[in-house]
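Take a look at the structure set out below.
Chain naming here is simple, since letters A, B, ... match the order of the sequence lines and numbering starts at 1 in each.
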2 protein chains.
Amino acid sequence: MPSSSDPMSWVDANSEQLIEELRECCRIPSISAEGGPAMDEMARWLGDQLAPVLDETRVVPVANAAPAVLGRAQGALPYTILLYSHYDVQPVEPLGDWSAPPFAAELRNGRIIARGVADDKADIMARLHAIRAFRATGRPLPCSLVWLSEGAEEVGSPGLRHLLEEYAELLRADACIWESYLRRDDGQPEIGFGCRGIVYVELTCRLLSRDQHSAFAGVFRSAAVELAHALATLVDVDGRPTVDGFGADATRPDEGDEAAVAAVEVPSAAEAALPGRRVLVGRPNAEISRRMVLEPTINISGFSAGYTDPGAKTVLPAHATAKLDIRLVDGQTPDAVVDQLRRHLDRHGFTDVSIEVLHSEPASKGPRDSTLARALVQAARDCFGEPVVYPMVPGAGPLHIVNEALGIHAVMPPGSTRMASGIHGPDESISVSDYLDHVKFTVRMFERAAEIEAAFQPDHGETYNLTITA
Amino acid sequence: MPSSSDPMSWVDANSEQLIEELRECCRIPSISAEGGPAMDEMARWLGDQLAPVLDETRVVPVANAAPAVLGRAQGALPYTILLYSHYDVQPVEPLGDWSAPPFAAELRNGRIIARGVADDKADIMARLHAIRAFRATGRPLPCSLVWLSEGAEEVGSPGLRHLLEEYAELLRADACIWESYLRRDDGQPEIGFGCRGIVYVELTCRLLSRDQHSAFAGVFRSAAVELAHALATLVDVDGRPTVDGFGADATRPDEGDEAAVAAVEVPSAAEAALPGRRVLVGRPNAEISRRMVLEPTINISGFSAGYTDPGAKTVLPAHATAKLDIRLVDGQTPDAVVDQLRRHLDRHGFTDVSIEVLHSEPASKGPRDSTLARALVQAARDCFGEPVVYPMVPGAGPLHIVNEALGIHAVMPPGSTRMASGIHGPDESISVSDYLDHVKFTVRMFERAAEIEAAFQPDHGETYNLTITA
């Protein structure tokens with residue numbers, strides 16, 4: 001029995017029930033790394049929630065992964081948004097660091113504490129609740145929607161590309177909303193119109209059959225010395241990549257990108273600071289923001305050689321390894337970057353340093369003037385204030401798979417997550433009020449998308465029975 | 001009842017018993033790192049063996065260490081040799097890698113397999129058996145002897161300096177024989193007239209309060225990047241130290257040192273080789289030998305930062321560490337080297353890299369024309385052929401403590417150990433025939449010392465009733 005209120009009022013009036021349902025979602029321990037019956041239970045539960053509000057809902061098998069939940073709902077406009085989310089969560093270890101059981105979804109001081117509540121169950125439920133807000137109030141969905149929740153994002157989305165290709169017709173859409181990005185500590189919303197790519201490699205220098213007595217230093221070649229020298233040629237102490245040719249193939253950002261990035265504030269140094277240490281590289285803010293978003297970077301995620309336990313052991317290590325994560329921007333391809341790295345090492349004499357590629361993804365950068373992009377910005381302004389716009393977010397993600405398999409771009413709206421949410425960590429949590437704002441933002445985003453799309457197509461606009469509030 | 005045979009014949013005639021006694025010595029599990037009653041048992045057992053052949057034997061307590069075994073025996077000459085050894089052994093782990101129980105002292109294919117048999121129980125027993133060879137055959141000891149066996153060498157000889165000072169009168173001697181050095185694979189004896197020093201430091205670069213998402217590479221300073229750069233400034237890929245001023249205070253080796261070192265062959269590359277890899281730095285043999293013995297070196301014993309387990313984790317490490325062992329030569333002091341390192345790091349901008357000194361010892365280089373030095377060379381020629389002479393051995397050791405506390409130099413004779421002995425490793429072993437050669441070499445060394453000392457002092461020579469065989 002539809003209520004006569006509008007969707008926004010309905011959210012406020014039903015807030016306690018919405019929070020209870022989010023907590024119910026969080027109580028299913030859908031840890032993809034562990035698998036087991038909770039994955040199927042989670043897919044079934046989600047299908048049961050979606051069936052009453054979508055026109056079509058399907059729980060489908062995925063090769064080498066948990067089932068996916070797909071669906072479609074016809075809106076007032078044929079303009080269609082694909083809603084991507086994942087219902088799987090990270091493992092809970094170290095369990096002792098949690099102040100509440102990770103799947104109890106305890107409510108404390110206005111926050112829900114649960115593994116997966118921020119990443120990514122708040123997205124799932126906020127989108128579901130936004131759709132329900134229209135259904136419950138008897139309003140037509142402003143635009144058409146496609147649902148896609150996978151159950152393997154936290155383990156690398158093994159079946160995603162195949163799934164998208166297999167169900168391309170069902171998933172046909174004009175644009176995709178990805179997982180949500182952040183709201184800053186002061187509540188300012190952040191929107192990402194793509195993400196950087198990544199090449200993750202392991203470098204290994206293995207010179208001796210086994211560790212030797214370090215009395216032979218200076219006589220036997222040292223894998224640790226050679227790898228340290230090789231690493232020092234890859235990136236300077238000022239954080240700038242120095243691999244020969246690296247970044248030369250990057251697409252030049254347009255003026256709009258440059259302007260948007262100039263307005264991005266660097267992350268809070270206080271968050272990372274060690275007393276008495278400068279945290280940021282000694283560069284002007286504008287250069288730092290640009291590096292973080294628009295430029296490729298080379299990071300040493302780890303290195304190891306010889307004896308690393310407490311105390312002293314005098315040994316000449318037989319081998320040394322380093323893990324590099326290289327962030328890519330538009331125009332760079334993972335293969336070309338690995339080639340550049342190989343040629344660079346060879347040219348500098350490090351032919352005995354091998355490269356193993358552990359994984360890679362290209363960058364994915366979408367337009368900021370599409371209907372959905374503009375809708376996101378407008379809705380963010382309506383709900384939270386002026387957004388911080390990232391042409392690409394600094395991290396990497398498989399957005400490019402949606403782009404390649406379905407031919408559409410994906411964008412990342414603000415959601416319930418803040419830096420304090422501790423995603424992937426102990427006591428992952430979001431605030432109840434952020435969640436309710438998230439649902440209302442999603443309602444407004446659908447409305448704004450339809451409004452903009454209708455305005456774009458004036459000959460069709462009048463035929464849609466829109467209920468956009470100012 | 002003394003036998004009428006000479007000491008050398010006595011060794012051959014009693015070889016089975018000598019081997020049984022060495023095995024008995026090896027069956028006491030005197031692991032200093034573990035302590036326990038075996039340490040006292042070992043000291044008592046050794047004292048009981050020495051009492052019948054020395055004029056005075058004492059088992060004395062050592063502060064913070066196992067007891068030491070001391071003794072004296074008057075010889076035909078007042079010229080006195082201090083015999084240094086240690087009765088403690090390394091732990092046996094990994095136990096599963098042994099083919100025989102480490103304290104069973106199993107005899108197999110002409111070898112004794114036991115923890116500590118090469119390091120250092122063969123020295124203890126070969127010296128004891130050499131003394132017994134004189135006693136049993138009714139021959140006077142050619143020179144006077146002082147006995148010193150400590151029980152804490154494998155844990156850093158914590159009480160050694162104090163012990164030497166406390167018993168300086170009892171331990172008064174003209175020169176010291178240290179632990180034995182090596183015989184090469186072809187049987188050629190190696191003699192060391194000192195050893196390089198060492199400074200073992202841990203470098204730490206800690207910049208962030210905790211690891212950050214690696215999307216912030218190029219924005220936050222990276223401890224791993226800065227430490228890799230710092231390490232690359234310390235030593236070049238050719239193995240040559242590049243710390244500003246390092247080695248400038250080293251004493252210039254004399255012509256005899258240079259000539260001796262030019263004859264030292266570099267260690268077998270085949271021993272260390274990995275298929276398809278060059279093992280030695282690309283330098284001429286003479287330069288390599290010189291580096292190994294007469295020059296200070298800087299080695300990276302280990303380094304560690306961030307994520308080092310299998311697979312990928314994208315993290316900007318909050319801190320990075322490296323362990324360096326720096327080998328010193330005569331003239332360098334540990335304090336000056338640490339100062340040079342600090343100034344070097346500061347001058348190159350690495351003020352956030354801290355230095356912790358874990359331990360250090362100066363080099364100790366003795367004369368090669370002393371009575372004992374010449375006796376060692378002569379005895380080695382008599383028993384094994386022309387020796388390889390190291391003005392200093394490449395490794396480090398506390399020889400300088402003897403030099404400083406007692407005012408005498410220590411030398412390292414050839415013994416039972418070869419590269420195949422696997423000291424500190426599983427299946428530590430020596431061959432029975434090498435051991436018997438070791439005993440006879442020790443007999444000859446005492447004889448040669450007396451012969452040379454008598455020749456030095458012709459007015460006293462005739463009064464000693466020497467029994468030197470040609």
Side-chain angles (χ1 to χ4, degrees), chain A residues 198 200 206-209 212-222 224-226 228-229 231-232 235 237 239-240 266-267 272-274 277-281 288 291-292 295 297-308 311-317 323 325 327 349 352 358-359 394-395, chain B residues 198 200 206-209 212-222 224-226 228-229 231-232 235 237 239-240 266-267 272-274 277-281 288 291-292 295 297-308 311-317 323 325 327 349 352 358-359 394-395:
Chain A
I198 191 170
Y200 197 103
R206 184 180 290 275
L207 297 174
L208 303 173
S209 58
Q212 299 291 321
H213 194 293
S214 65
F216 297 135
V219 175
F220 288 146
R221 292 170 63 203
S222 163
V225 167
E226 295 200 19
H229 273 270
L231 292 173
V235 55
V237 291
R240 186 169 290 279
V266 297
L274 191 75
R277 291 279 188 278
R278 284 182 302 112
V279 171
L280 293 166
V281 296
I288 286 182
R291 275 192 193 185
M292 191 172 69
E295 297 180 12
T297 52
I298 295 177
N299 176 60
I300 301 174
S301 275
F303 56 53
S304 173
Y307 183 73
T308 58
K313 183 183 178 188
T314 49
V315 67
L316 174 63
K323 293 171 192 279
D325 68 271
R327 304 280 169 175
D352 282 328
L358 299 193
H359 66 81
Chain B
I198 190 170
Y200 198 103
R206 182 181 292 274
L207 297 174
L208 304 173
S209 58
Q212 299 292 322
H213 194 293
S214 65
F216 297 135
V219 175
F220 288 145
R221 291 170 63 202
S222 163
V225 167
E226 295 200 20
H229 273 270
L231 292 174
V235 55
V237 290
R240 186 170 289 278
V266 296
L274 191 75
R277 291 279 188 277
R278 284 182 303 112
V279 171
L280 293 167
V281 296
I288 286 182
R291 276 193 192 185
M292 190 171 71
E295 296 180 11
T297 52
I298 295 177
N299 177 60
I300 301 174
S301 275
F303 55 52
S304 174
Y307 184 73
T308 58
K313 183 183 178 189
T314 49
V315 67
L316 174 62
K323 293 172 192 277
D325 69 271
R327 304 281 169 174
D352 282 329
L358 299 193
H359 65 81

Audit row: B/Val281, A/Phe220, side chain to side chain contact (heavy atoms under 4.5 Å, CB included) steps and yes/no:
CA-CA 6 Å; B/Val281 296; A/Phe220 288 146; over 6 Å; no
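- Each of A/Thr308, A/Ile198, A/Ile298 has some count of heavy-atom pairs under 4.5 Å with chain B, and the biggest count is that of A/Thr308.
- For the set B/Ala232, B/Ser301, B/Gly302, the count of heavy-atom pairs under 4.5 angstrom toward chain A peaks at B/Ser301.
- If you measure heavy-atom distances from B/His213 to chain A, the contacts under 4.5 Å come from the side chain alone.
- Counting only heavy atoms from C-beta outward, the side chains of B/Val279 and A/Leu207 never approach each other to under 4.5 Å.
- When B/Ala217, B/Gly349, B/Ser304 are compared by the number of non-hydrogen pairs under 4.5 Å with chain A, B/Ser304 comes out ahead.
- Using a 4.5 Å cut-off between heavy atoms, B/Asp325 touches chain A through its side chain atoms alone.
- The parts of B/Phe303 that come within reach of chain A are both its backbone and its side chain, each placing non-hydrogen atoms under 4.5 angstrom from that chain.
- A/Asp352 places no side-chain N or O within 3.5 Å of a backbone atom of A/Arg206 that could act as its donor or acceptor partner.
- With respect to chain B, the highest number of heavy-atom pairs below 4.5 Å among A/His359, A/Glu226, A/Arg291, A/Glu295 belongs to A/Arg291.
- Each of B/Thr297, B/Leu358, B/Leu208 has some count of heavy-atom pairs under 4.5 Å with chain A, and the biggest count is that of B/Leu208.
- In this structure B/Ser222 satisfies the side chain to side chain donor-acceptor pair (under 3.5 Å) test with no other residue, sequence neighbours excluded.
- By number of non-hydrogen pairs under 4.5 angstrom with chain B, the leading residue of A/Pro394, A/Gly395, A/Ala228, A/Ala305 is A/Ala305.
- Heavy atoms closer than 4.5 Å to chain A are found in the side chain of B/Arg327, but not in its backbone.
- Ranked by heavy-atom pairs shorter than 4.5 Å toward chain A, the options B/Gly306, B/Gly239, B/Ser214 are led by B/Ser214.
- Of the possible donor and acceptor atoms, none in the side chain of B/Tyr307 sits under 3.5 Å from a partner among the backbone N and O of B/Pro317.
- The residue among B/Thr314, B/Leu231, B/Val235 with the most heavy atom pairs within less than 4.5 Å of chain A is B/Thr314.
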